[in-house]
Amino acid sequence: MVKKMNVESFNLDHTKVQAPYIRLAGITEGANGDIIHKYDLRFKQPNKAHMEMPALHSLEHLMAELIRNHHSTIVDLSPMGCQTGFYLTVLNDDNYDGILDTIEKTLEDVLKAEEVPACNEVQCGWAASHSLEGAKELAREMLAKRNEWKDVFGE
């Protein structure tokens, strides 16, 4: 038996999930009634594959900027340290299918991008580590499996 941890994702059996998927990872209610929904956007199979840093970094910049064109209450989009996906946090929106549509539109925008936003030393802490083509390839891979996003544990 694995000890229960404080971090939700540490309680997820990473050997049982089947990427790619998008799952609701948690709900937090604030003192004033606001509700934050945290989503696990898993691009790569845990412990089997990962995103290379320049591609992941560029995809983070692109998605963090572009997703806000499709959704008005995005709190944050952050990469996972394991390099297998991202966390998306949204304020006061529990529409899972709407989130999937938002992510789909955002990834389609990534494919149309001609540059990585804020890819310079003034706006980025490691501006030398970017790959627009790598980000587009990750977006293509995720979009190609759009019909699997709801299947966290596969068949």
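Everything numeric here is computed off the predicted structure, so don't read it as measured data. Atoms considered below: every heavy atom in the structure, side chains included; atoms not considered: hydrogens, waters and symmetry mates.
The distance between the ring centers of Phe43 and Phe86 falls below 6.0 angstrom.
Checked against side-chain contact (heavy atoms from CB on, under 4.5 Å), His14 has the following partners two or more places apart in sequence or in another chain: Leu12, Arg42, Pro46, Asn47.
Lys16 places no side-chain N or O within 3.5 Å of a backbone atom of Val152 that could act as its donor or acceptor partner. Formation of a donor-acceptor pair under 3.5 Å by the Thr89 side chain with backbone atoms of Asp76 is found in this model.
Atom CD1 in Ile99 sits 12.5 Å away from atom NE2 in His70 (nearest 0.5 Å). Distance check: Leu77 CG to His71 NE2 gives 12.5 Å after rounding to the nearest 0.5 Å. We find the CD-NZ distance between Gln18 and Lys145 to be 8.0 Å, quoted to the nearest 0.5 Å. For the atom pair SG (Cys82) and NE2 (His50), the distance works out to 10.5 Å, reported to the nearest 0.5 Å. One finds the CE atom of Met51 at 4.5 Å from the CG atom of Leu56 (value rounded to the nearest 0.5 Å). Atom CG of Leu62 sits about 10.0 Å away from atom CG of Leu111, to the nearest 0.5 Å.
Under the 3.5 Å distance criterion, with hydrogens and angles disregarded, no donor-acceptor pair is assigned to the side chains of His37 and Asn92. A side-chain donor-acceptor contact under 3.5 Å links His130 and Ser58.
Counting heavy-atom neighbours within 6.0 Å of Glu137 CD, excluding the residue itself, gives a total above 12. Residue Tyr96 places its OH atom among more than 12 non-hydrogen atoms of other residues, nucleotides or ligands, all under 6.0 Å distant.
A salt bridge does not link Lys38 with Glu8: every distance from a Lys NZ or Arg NE/NH1/NH2 to an Asp or Glu carboxylate oxygen is 4.0 Å or more. Ion pair Arg146/Glu108 not flagged as a salt bridge, since none of the NZ, NE, NH1 or NH2 atoms sits closer than 4.0 Å to an Asp/Glu carboxylate oxygen.
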Margin query: With side chain to side chain contact (heavy atoms under 4.5 Å, CB included) as the criterion, how do Thr102 and Ile67 come out once you've worked through the C-alpha distance, each side chain's angles and the decisive distance to 0.1 Å?
Written below: CA-CA 7 Å; Thr102 295; Ile67 198 168; 3.6 Å; yes
